[in-house]
Structures are given as structure tokens and as C-alpha cells.
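Keep in mind that this is a model prediction, so the values were computed, not measured. Residue numbers start from 1 in every chain, and the chains themselves are labelled A, B, ... in the order their sequence lines are given, proteins ahead of strands.
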Number of protein chains: 4
Amino acid sequence: MFFASDNTSGVPSEIMAALTRANEGYARSYGADDIMARVTARIRALFDAPDAAVHLVATGTAANALALATLTPPWGAIFCHRHAHIAEDECGAPEFFAGGAKLALIDGPHGKITPDALTESLATTGASGVHGVQRGALSLTNVTEAGTCYTPAEIAALTAIAKSHGLPCHLDGARFANALIATGATPAEMTWKAGIDALSFGGTKNGLLGVEAVILFDPAKSWELELRRKRGGHLFSKHRFLSAQMEAYLTDDLWLRLARHANAMGQRLSSGIASLNSAALTHPTHANMVFANWEQGGHARLQSGGAIYYDLRPLPDGRETARMVASWNTTDDHVDRFLALLKG
Amino acid sequence: MFFASDNTSGVPSEIMAALTRANEGYARSYGADDIMARVTARIRALFDAPDAAVHLVATGTAANALALATLTPPWGAIFCHRHAHIAEDECGAPEFFAGGAKLALIDGPHGKITPDALTESLATTGASGVHGVQRGALSLTNVTEAGTCYTPAEIAALTAIAKSHGLPCHLDGARFANALIATGATPAEMTWKAGIDALSFGGTKNGLLGVEAVILFDPAKSWELELRRKRGGHLFSKHRFLSAQMEAYLTDDLWLRLARHANAMGQRLSSGIASLNSAALTHPTHANMVFANWEQGGHARLQSGGAIYYDLRPLPDGRETARMVASWNTTDDHVDRFLALLKG
Amino acid sequence: MFFASDNTSGVPSEIMAALTRANEGYARSYGADDIMARVTARIRALFDAPDAAVHLVATGTAANALALATLTPPWGAIFCHRHAHIAEDECGAPEFFAGGAKLALIDGPHGKITPDALTESLATTGASGVHGVQRGALSLTNVTEAGTCYTPAEIAALTAIAKSHGLPCHLDGARFANALIATGATPAEMTWKAGIDALSFGGTKNGLLGVEAVILFDPAKSWELELRRKRGGHLFSKHRFLSAQMEAYLTDDLWLRLARHANAMGQRLSSGIASLNSAALTHPTHANMVFANWEQGGHARLQSGGAIYYDLRPLPDGRETARMVASWNTTDDHVDRFLALLKG
Amino acid sequence: MFFASDNTSGVPSEIMAALTRANEGYARSYGADDIMARVTARIRALFDAPDAAVHLVATGTAANALALATLTPPWGAIFCHRHAHIAEDECGAPEFFAGGAKLALIDGPHGKITPDALTESLATTGASGVHGVQRGALSLTNVTEAGTCYTPAEIAALTAIAKSHGLPCHLDGARFANALIATGATPAEMTWKAGIDALSFGGTKNGLLGVEAVILFDPAKSWELELRRKRGGHLFSKHRFLSAQMEAYLTDDLWLRLARHANAMGQRLSSGIASLNSAALTHPTHANMVFANWEQGGHARLQSGGAIYYDLRPLPDGRETARMVASWNTTDDHVDRFLALLKG
């Protein structure tokens, strides 16, 4: 019963097979491999974005930090949710890559920024002439850190506000596939049609060994991103092994199938918890992450029963809230055993 | 006949098998996987360095830049050969990671720094009080960019000079295994016993998909390096896939066998070239990289015959010099066909 | 009636006279001037800190950013009030100088951090291992941006909390003299005896053309600060002109006399406002800055009458709040005319 | 006999008088003072550049670093002479401000870059695609660190080469007035008419307390430079005191008169030395800096006689070379006493 994170799962057999195939023979290095050309074409088609620039890196932090540094000058504020991954879980990578930029943290329920909160934050940052940092970029996350999703319309509402200040907009899509499944949106609807300029298109949490794509819908800064990637130590010599993972991921809708399964498992777990009198959801469950709380006795039963999950935080009423993440290889049995232990 | 670079080769079957094994089940992320514990123990044993800190990253540029940023303050000069990888092939990564440090470039024949040249460079850098940058660190490369090797004694002579100025010493060992084979030195003799404080222990060029270890022989800065790695976007969530490669690499001397083969192929190619009247070696061949020059007719024959190699540079006498790199999977046949084409 | 800022005033005649004296003859450059030696001795005596390192710069932003960069690694969070000068008015200088550090913003009434708020902020930052930034330093401001003062005991309570986490503590003393006058504390009581490790000792707002001292009570990082100063472009060649200002400032208690006058003028203005039914103080007035609010009619009368003041912000009840700063050369007449206009 | 540096002299009475005048009354801070408006107008007129952006800072290092950071991305190489001030005397400020940029050092006799040397350096830097740093900017210095001057035609020849690669061109004019006097060129001829995009227009070495102007002939990046200045801690609150110095400097040709005198004194010293059998010039003397060498006996006589000069470096023939800098307040008597001591 592993619900610690979707990154504690391995990868499906299709991915291993793709690595094995890619291993044959010699291949040009540093992104000039033939597979990468196909990956770029496929992503452009998928997003209905024939000019998009596509660059692969191996970690989500790299994807986010490189994208944001390309969008934002060193004196820019990056507007994001207080609990965004870039704010809490990247050890200052955006600030480092962007040359000392600042994150403007915005509160909001269930991991989401509201238009009002964004408007207010924009009103107070960048309004003091040369004395304060300037408005730099908007960064949204979908699926959010609270397991909720923005719809394309919600994203468009936020990017419209940002763009009224001239800001480029970034989407941290570490769980992008899960967000698509949750909302039914197409890749294009969720991104450039909703005002997103740069996407961190995640693969690792959804079944790859370690590959994310940075997609720039306006390719004007593609070369800058390439230089930042190299300079950041994120350009792989044996790049074919990144390309091959991404190609297999996008073949026969594997990426969507994996995410659909993970979301279904999340939903099964969430519904089960919601049906118990002794437990409650902390956030709505839109995708594969479940946040819920219950008495400490329940936590004790689960842990002694072998369930793995984290982020236990005490609530004022004595309960403890926890995060459970379903993955592409979570099974009905895992979920049901978890629920049985919780039920007691 | 692929001699473009050792990074155009794939990986041996042992590595793919290790990935497949590592893919089973769940594993703790971010370096807390069980395999990594074994890797650390094995590297410590191999280097006879029971306290060494070991951290894995996926690219050589990341390994070098993180190591150097940990050794050098932003106002430090990093002394290195003019043609070092950190100087010419990392797009300023050391300067970026170290917060604006400077590289002090030292000339020297065949890719190697001589004690006199180092002494002279140290005399002129860091000697102007607060006005100039300070002396920061020494960075050597073994195998060098010219395909030559330092012996442990040569390294010790250089680090002794650096240490007389209080400088920490880094070794870029992107081809460390090839250097050990070439010199017969042990890992310890080539590193900490010769005054090296931090090693970029390469795996990618010698048969891995993309793994390098940063080894700090004094672990005092291990936590700093971990933070820099995370902040640099170089901490893998599914870290087990890095660990597994490194574990297999070090099992049953695979790493040494691969390097021994590559060096033998380099030697075979080098000897063949040296025996021709129409060609000459540009640098001595110590490991798996061969630098040689010959008439343009030879280049034409080779290229039309399908030989892949690069770095063609015209010489004053009308010849062109080229770089050929043998790999773990170069065959006698590749070499012999290359030589036959060159002979004409 | 200039109440826009204490930096719209010029300098007293003692300072001009000191510049004229310092201008005679030749002097060693870059801080090696004889006057600087006397300044260092005098500051050490004044603070009862015989080992303190003293370095002069010309702006408060430089003093703060250099001090904080010296105290904090790039991955450190600097804990400060949400409205601290380093957070709102330095265009990201601390983040830039510290290599991409992050500011952890703490709310608190009247510009002051409370022990509880600091404790809570410390509990959530730096608690996620390698994933988040680490705790870096505490930065307090006295006089605060809201015109209030910390007592030495209040500072000591906050630094004790910070030090329980191993954090160094910085004091932004752009209006340090005003804070001493307001509290009756000695320089030592307000700083190192209360746990402060580094002080930005302001002069510019209190009567200098542009000089601030960075005082490190532990001189271990003095050389680092010198290098950062030079590298930041903040080391003056004709340094004697900084030294001379600071020497005159500290001679015959000029600095305290200037601050005492400014505070008295602030108090006169504040008391006058408080006595009106039509106006109210927004923050308590501890030193030379007055924050108050009144009807828009009052603002109209003042502005058409020639009063200069800024930071007008509407309040929910329709009033507008404003900031008035008294200076070393504010006169009773200025204050009384202001009050007369406000009274209407 | 002070020949240590032009920055060991104070300032002429006109400058002190201007400070005194500027001190009267209140003035808007942070560059919004009335004097600055006049300074901008005057500099634009002087350079025949009606659109130029003008920003004042207090040190030459700040001017250079801010200008270069504005011209060059973090992955850009700044081409400059090996002994340029930005390379040897700014403790890495350009690298720091530009976010980790690299200096590409070019050798050349007497402190000057030749077209051939620049062409060669450009051929080897930025030619390796994404692997190496890119070509960023050209930075020239006039008067050079060797006391020689570029003519406008020489500058134009170098900037033409740089511009053929699309590079912006910076001129470090710490001794710009001396270069104008030496060459007879107008400000426009020496700068934008010769291809210079940004000028560090020095004042400090030629009689100011500490003021330099950064002049951007294309104002497109003026706001960026303002933000970098603020963020670098280089925006003065009591900015009027910088403006006033610069205004007085440019009034009644004071700046040119001061430089003419300093150059004449340099020439007097240089001619005197050249006429001696026992001494020789190391570099030609174009302006106010004299580089010469003689026997150690001469150095001993001078030093015991009270002459102050620096940068003694032994030559192979046993002589020692030295640098003597004449200033706006060097007198005939100083020079003649120096020569008498040298003659022995």
C-alpha cells in the first residue's frame, strides 16, 4: 500500500522496452538524436502548436526553473500559490536560475489562486517604481499541490489578469496528464488557448524514469532556453534515452492511460474515505492525490498495517491530515486494503 | 566506424539489466533508495575512503559545476587548463553555479598543466589584495581533453603547489576509469592520496545512460553539496535509476573492463596511424582518445567511406587534425576499416 | 513643509566642513586613509566592541545586501517583516547579492515582528530537509518601517529565538540613531548585547550625504565582506570622503543631536495630530516618522498649502493614511504650519 | 610627489562649491532632483546624442559592471584586454553583475587590442554551438591600463569587427577626458560615432569625489539599467550630491581643463624620463600615466626622497618598471623634483 508519492513507483514495461530499443547502435548526442525529432513533432501535433519549442530535461525542478528564468528577468516577481512546488519544494531553484528573482506568494483555498487574490497581489507588487521588484511572470500548477485542478476557463481567467500587466504565464504540469484526465480538456485548451506561454510537461510522476519537457509555445526564446539548459548542466549527452522515454510515453496514449488509472485509483480512495464517518477529505479530490484527515487511531492502524503515506499534520481538533498519492501502478487491492485498515 | 565521441555509444547489457531489476516495486525517492546506500559503501571501499560523501547526478557538467561551486567562493578563481571541459564545453556552468566565479586559464602542451605554469598563474592571480579575484580552487582533468593522462605523481605535484596557497583541488574524471587503466593507478592513488579533494567520477562516457558521482573525500561540505544539487534541479525523484546504473557499473569491475577495452581500441587506432607515413599523431595517445593529422585526401576517403569523427582543424602545413574517440563497444573491425580507409 | 522623507534634507554644516578638511592634500585610497582608521576606532569604542569590523558604503541598500549576503548562504531564507525595506524597497538586492536567497516574510502589527510570529515562520521554513530553502538569517529593522521601535529586550527576545535555530542576526539601522534616542539604549545594548551580529549603521537619513557603516561584531567574516563590497562596486577609491563624513557624524555626538531633533519634531507633529478630532495616528510614533490618517479635505488643504508628504493610502472608512518624516533640519515652524493646515 | 594614482588626489574647489550649493534646501531624492535633469541635458548636448540615457553611480566598477550586465546575457563572453580594469581590478564584478558571464581575455601590446587579435578571439569563442559561452560584448578602455590611447579610428575598427558578430560595444572611460585631450577627438567621435553603445564616463579620477555616468547611446535599455542600479545598491537617495558634482565637472569645461593639466604633467614627466640615459619608457605616454623603468638605485633614491608611486615589477635585465600617474593637481615642481631624484 504505497501512497507516499507517485515518484516511488517505477515505470511501465513500455518505457523499459523503449530504452532497450533506443540503446541499439550509435546515436548523435546532445539532443540531435533522431528520436528527439520525432518527439518534437509529436508534441507539436498533440498541442496543435506547430511552432512550439520542445526541450527535454530530467527533473521537474529543472523544467520549472529553466522555464521561469527564461520568462522572468532577475528583478521580476514570480506570482504563484504559497504552496506551489516552486515555492516550497525546489530549495530556491527559481531564484537561483533567474539570478535572484523573488516569488510573490498568493494564498488561496485548496491550492488554487483566485482572480481576486491575483489582482490584489499584482496591485501591491511592482507598484513602487524602481524601488521594488517588478512584476515578472505568473506560474500556475495543475494538478495543484492540494490535488485540485484548474479548468481551462479558470486558467484563462488568471492569465488574462496577468497579461493585462504584460506578464508571461507558466504552467507547472508535473501532473499535466492527470489534470487533462480530470478536466477533460485537450492539451491545447489547457495551455496556449488558455494563455499559457510555457509548460513544464511532466513525465516522471506519471511513469517515466526521469523526463520532463519544457514547451515554449512562442519559440522566440528557444535558443535562450537551450543555453540555460546547457549552462545548468541539464543537457544530456546520451539524450536519446530521454527522447525514447518521451516517445514511448506519447505512443498509443500511454501517458493518458497511466494518468487515467492513477486518477481512478485516487477517486476510489477518496470516495471510500468520504463514505466513512470517522474520516473527512481535507481538499476535494480531482485527480490522483487525496488529502484527508482522521483520528490518530486510524493512522496507527494504517501504519502498523503497512500503509505508506506522508505529510501528517495535526489539526486543531486532534485529528491528523495526510496526503495519499495514487500512481499508475496502484491497484484496487491496495486501495481497498488501505480503506479496510482505516475503517478499523 | 563511429569515433565521434564515447557518448554516441549506448550502454552494455549489464546496465539495462540493472535498470530492469531496479524497476521492480516501490522505492524511496530522492536518494533514500536502498541501492544508493550500497553504492556509497562500494565507492568508499573502492577509494579506500570510509568517510567520503557520494552524490549522484546525471551529467558531467552538473558534477563539475556542483563540485566547484562547493569548493570555491563566488570571488574565487578556478585554475584550469585553457582547453578544460569546464572552460570550453560547459557554457559557463562553473561561473553560474559558483555565483560569478572566474576561470584562470593555463596553457600547457597536450592538455596538461605543468607545475611551472601553475606556479606562474598563481603568482599573478589573487595577488592584488581586494582588487582582483582571489585564488579559489585547482581543477584538473584526467584523461585530459587532449587524450593524455596525468600520473598520480604529476597530480600530486600540482596539488602540492595549489595547497601551498590553501586551495582545494578538484579532478574532472569524466574518463576516470580510462585514466586508471592508462596509468595503472588505484582510485585512491589518483585522487585523495594525490591531493584531490573532490572528484567528478564519470560513468556516462564509459557505458552508463547518464550518471556521474560527485565524491567529496572530506565530507564536511556534503550537506552543502546536497542543497546545491537540489537547488540546481539535479536531485532525481526516481533516484533508484541512477543508483542502479552506478551499482552495476561497479559490479564485477564492469567499469574497468569497459575502459580497458576502449583504451585498447584507442591504442590500436593510434598505433595504426603512427605506422603510416602519411599521418602523424597530434598528441600522445594515453587512453581512448586519438588526435592525429593527415592530408585532406585521407579525410575525404574516410568520410565517404562512412567514418564518423570530428573536430577537424586545419594545420599550417595544409593537413587537418582530427579527434577520434574509441568507446566500450568499438570493435577491432571498426578500427581496422578506419585504418584501411586512411591508408588509401 | 517637507515631510516626504529624511533623505530629501541635505547635510549639516559640520559635514560639509569635514569634507572640505578631508579634501586637503593626498590620501591613500580604497579605505586605507588615515581618517578611516580613526572611524574604526571610534565605532569600536562607541559600541564597546573592540574587535568589530567596520566597513563603509554609500547606500543603505548596499549595507543591507552586503551584510545579509555575508551572513546567509544562497539557499538561506532571510526572516524579516513583510514591510521591511529589504523586502519592499531594494528591488531584490538581498536576493541578488546573496546569490538567489529567499525572504521569508512575517506579518506583525506596526512594523514589528512578534516572537510568536517568528517562531511560527521558523517552524514552517527550513523544515523540509533538502527540498526547501534552509533557515538563513534574521533581519530586524529599528526604527521600523512603521516608525515604531524595538527595545533592546524585544530584540533580544527575537534573536534568542533565531539563535536557537543557529541563525545569525542582522539589524537594519538606517535610522539607528533615532532608535537609540527613542529607547534610551546604548549602541551596545541595541546590538551585540541583544544578539545582533551585523548592523547596517545608517548615516544618510540622519544628515550625511551618503554613508552607512556595516559593522560585524564578530570580525571573522570581515575579509569576505570586503571582497563582496569590492565586487559589488561599493569600494570607493576616494574613500576619505566617506570616512570624513562618518568621523564628523560621530564627533561631539552630532549623530545623536541630529536624531534627537528629528525625533522631537516627529513627536511634536504626532502629538499635534493626536490632539485633533479629525485625525488619528495609524501607528504609534516612536521616533521621527509619523503615520496618521484623516479626511481627504485635510489632505487637499495640506497639499494646496505646500506640505510635501507621501504614501497616501485609502482606508476603508474613506480616510487616507499618510507618512510624514521629520528630519534633522525640520523646524517647529514647519510642524506648526502643517498642523494648522490640517486643522483647517 | 604623489604619483601613486589619480585617485589619491582630492577635488578642485569648484566641486566643493557645487556640493555646498546643492546642499541648500530640500531636493527630491533618487535621481529626481532638478540638477540631474540639467546634467542629462548637458551630457546629451556634449555627446550630440539627444536620446542618450544617463545614469549616475559613484564608482567606476559600478559603472562598468552595470553597463556590461545590461549589454550581455549571463552566457555571454565579454571580450577585453587581458589587463583591462574589468579583468584585473574589479574582483569579478562584471561576472557577478552579469549573472556568471565570462571574460575572454585578449593580449596586445601597450594595453591595446589589435583588430587581428580581436578577430582571432572571436573566432574561437562562441563557435561551439550550445557547448561554449556565446559572444556577448566588446569592452574597450580609453585611456588604457598601459596609459596609451585608442584613436576614434582605432575604436571604430574594433567595434566594426564586433558588430559584424552582432555584439554591443562598451567603453570604459574612467579616464575619458584624458583620452579626449590626448587624441583631440570630440565626445561623439570617441563613442557612438565610433560604434560605442555604452560608456562609463569617468569623473572620480579626474577631480570628483566619486561620480561616474553610465551613458547608453541607445536608451532602449535605460529602465533595465535603472533597475540593475537600484538592485545593485547604487541608487543614491541624496542623489543631488552626485548630480551637483557632475554638473560642476561639465561647467566651463572644467573636466577638460583638469584632464589637460594632468596630461601635460604626464608628458612633462615622460619627456624628462625619456631624456635620461639611465631610464626608459615601458609604454608610450599618451595621457597622464607614465610607465618607465630604471635601475634599482634610482628607485631607492626616489623612495627615500619621498616620491610615491607603485606597481614596481622587476624586468629580466634587473631594472624595475613603475607606474606614475599625474593628476589634476600635480605641479611642475612635483615632476621636476621627481626627475631630479631619478637623475641622481
Side-chain angles (χ1 to χ4, degrees), chain C residues 1-2 4-13 15-16 19-20 22-30 33 57-66 89-93 95-97 99 204-205 208-210 226-242 308 327 329, chain D residues 2 4-13 15-16 19-20 22-30 33 57-66 89-93 95-97 99 174 204-205 208-210 226-242 308 327 329:
Chain C
M1 291 169 291
F2 283 80
S5 174
D6 28 16
N7 62 37
T8 61
S9 293
V11 309
S13 58
I15 301 303
M16 292 304 300
L19 284 181
T20 301
N23 191 35
E24 287 165 27
Y26 294 83
R28 290 208 288 171
S29 43
Y30 297 115
D33 53 291
V57 294
T59 72
T61 295
N64 287 337
L66 290 170
D89 290 300
E90 303 189 352
C91 198
E95 289 93 335
F96 169 50
F97 277 85
T204 310
K205 290 183 193 297
L208 300 185
L209 294 89
E226 281 201 54
L227 290 162
R228 289 188 181 276
R229 179 176 61 168
K230 172 67 192 178
R231 177 178 180 75
H234 290 292
L235 177 58
F236 274 57
S237 54
K238 297 185 180 175
H239 186 280
R240 59 167 129 173
F241 294 114
L242 300 190
I308 310 287
S327 175
N329 66 344
Chain D
F2 282 79
S5 173
D6 28 17
N7 62 36
T8 61
S9 292
V11 309
S13 58
I15 301 302
M16 292 304 300
L19 285 180
T20 302
N23 191 35
E24 287 165 27
Y26 292 83
R28 290 206 288 170
S29 42
Y30 297 116
D33 54 290
V57 294
T59 72
T61 295
N64 288 337
L66 290 170
D89 289 300
E90 302 189 353
C91 199
E95 290 93 334
F96 169 49
F97 277 85
T204 311
K205 289 183 193 296
L208 299 186
L209 294 90
E226 280 201 55
L227 290 162
R228 289 188 182 275
R229 178 176 62 167
K230 172 66 190 177
R231 177 178 179 74
H234 290 291
L235 176 58
F236 274 56
S237 55
K238 296 186 180 174
H239 186 280
R240 59 167 129 174
F241 294 115
L242 300 190
I308 310 288
S327 174
N329 66 345

**Student:** Mark yes or no for whether D:H234, through its side chain, and C:T59, through its backbone, hold a donor-acceptor pair below 3.5 Å.
**Tutor:**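 It does not hold such a pair.
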**Student:** Indicate the atoms forming the closest heavy-atom contact of D:N23 with C:M16, along with that distance.
**Tutor:**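 Taking every non-hydrogen atom into account, ND2-CG, 3.8 Å.
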**Student:** Look at C:D33, C:L209, C:L19 and state which one has the largest set of heavy-atom pairs under 4.5 Å with chain D.
**Tutor:**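 The answer is C:L209.
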**Student:** Heavy-atom pairs under 4.5 Å with chain D are the metric here; pick the option from C:T204, C:T20, C:N64, C:L66 that has the most.
**Tutor:**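 If we count pairs closer than 4.5 Å to chain D, C:T204 comes out on top.
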**Student:** Checking D:N7 side chain against C:K238 main chain: does a donor-acceptor pair fall under 3.5 Å?
**Tutor:**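 Checking the backbone N and O of C:K238 against the side chain of D:N7, no donor-acceptor pair under 3.5 Å is found.
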**Student:** Relative to chain D, which segment of C:L242 carries a heavy atom at a distance below 4.5 Å: side chain, backbone, both, or neither?
**Tutor:**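 Neither the backbone nor the side chain of C:L242 comes within 4.5 Å of chain D.
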**Student:** Using a cut-off of under 4.5 Å for heavy-atom pairs, which of C:G60, C:G210, C:C91 has the most such pairs with chain D?
**Tutor:**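 Top option by heavy-atom pairs under 4.5 Å: C:C91.
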**Student:** How long is the straight-line distance from CZ of D:R28 back to OG of C:S5, given to the nearest 0.5 Å?
**Tutor:**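 Interatomic distance, C:S5 OG to D:R28 CZ, rounded to 0.5 Å: 13.5 Å.
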**Student:** Considering only heavy atoms from C-beta outward, does the side chain of D:R231 approach that of C:T61 to under 4.5 Å?
**Tutor:**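 D:R231 does not reach C:T61 side chain to side chain.
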**Student:** Side chain, backbone, both or neither: which part of D:R228 has a non-hydrogen atom closer than 4.5 Å to chain C?
**Tutor:**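 Neither part.
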**Student:** Chain D: which of C:S327, C:S13, C:G10 shares the most heavy-atom pairs with it under 4.5 Å?
**Tutor:**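 Most heavy-atom pairs under 4.5 Å with chain D: C:G10.
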**Student:** Using the test ring-ring contact (aromatic ring centres under 6.0 Å, His included), find all partners of C:F96 that sit at least two apart in sequence or belong to another chain.
**Tutor:**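 Here the qualifying residues are D:F96, D:F97.
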**Student:** Which region of D:L208, side chain (C-beta onward) or backbone (N, CA, C, O), has a non-hydrogen atom less than 4.5 Å from a non-hydrogen atom of chain C, or is it both or neither?
**Tutor:**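 Backbone of D:L208 only, per the 4.5 Å heavy-atom cut-off to chain C.
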**Student:** Give, as side chain, backbone, both or neither, the part of D:Y26 having an atom under 4.5 angstrom from any heavy atom of chain C.
**Tutor:**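 Looking at D:Y26, backbone and side chain both touch chain C.
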**Student:** Tell me, side chain or backbone of D:I15 under 4.5 Å from chain C's heavy atoms, or both, or neither?
**Tutor:**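 Interface part for D:I15: neither.
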**Student:** Between C:E95, C:E90, C:K205, which shows the greatest number of heavy-atom pairs under 4.5 Å with chain D?
**Tutor:**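 Ranked by contacts with chain D, first place is C:E90.
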**Student:** Heavy atoms only, distances under 4.5 angstrom: which of D:A4, D:S9, D:A22 has the most pairs with chain C? Name it, please.
**Tutor:**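 When all of D:A4, D:S9, D:A22 are compared, D:S9 has the most.
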**Student:** Which residues satisfy the ring-ring contact (aromatic ring centres under 6.0 Å, His included) test with C:F236, sequence neighbours excluded?
**Tutor:**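 Scan of C:F236 (ring-ring contact (aromatic ring centres under 6.0 Å, His included), adjacent residues dropped) gives none.
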**Student:** Tell me if a side-chain donor or acceptor on C:K230 pairs with a main-chain N or O of D:D89 at a distance below 3.5 Å.
**Tutor:**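 Such a contact is found between C:K230 side chain and D:D89 backbone.
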**Student:** Contact part of D:H239 toward chain C, heavy-atom cut-off under 4.5 Å: side chain, backbone, both or neither?
**Tutor:**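 Neither part.
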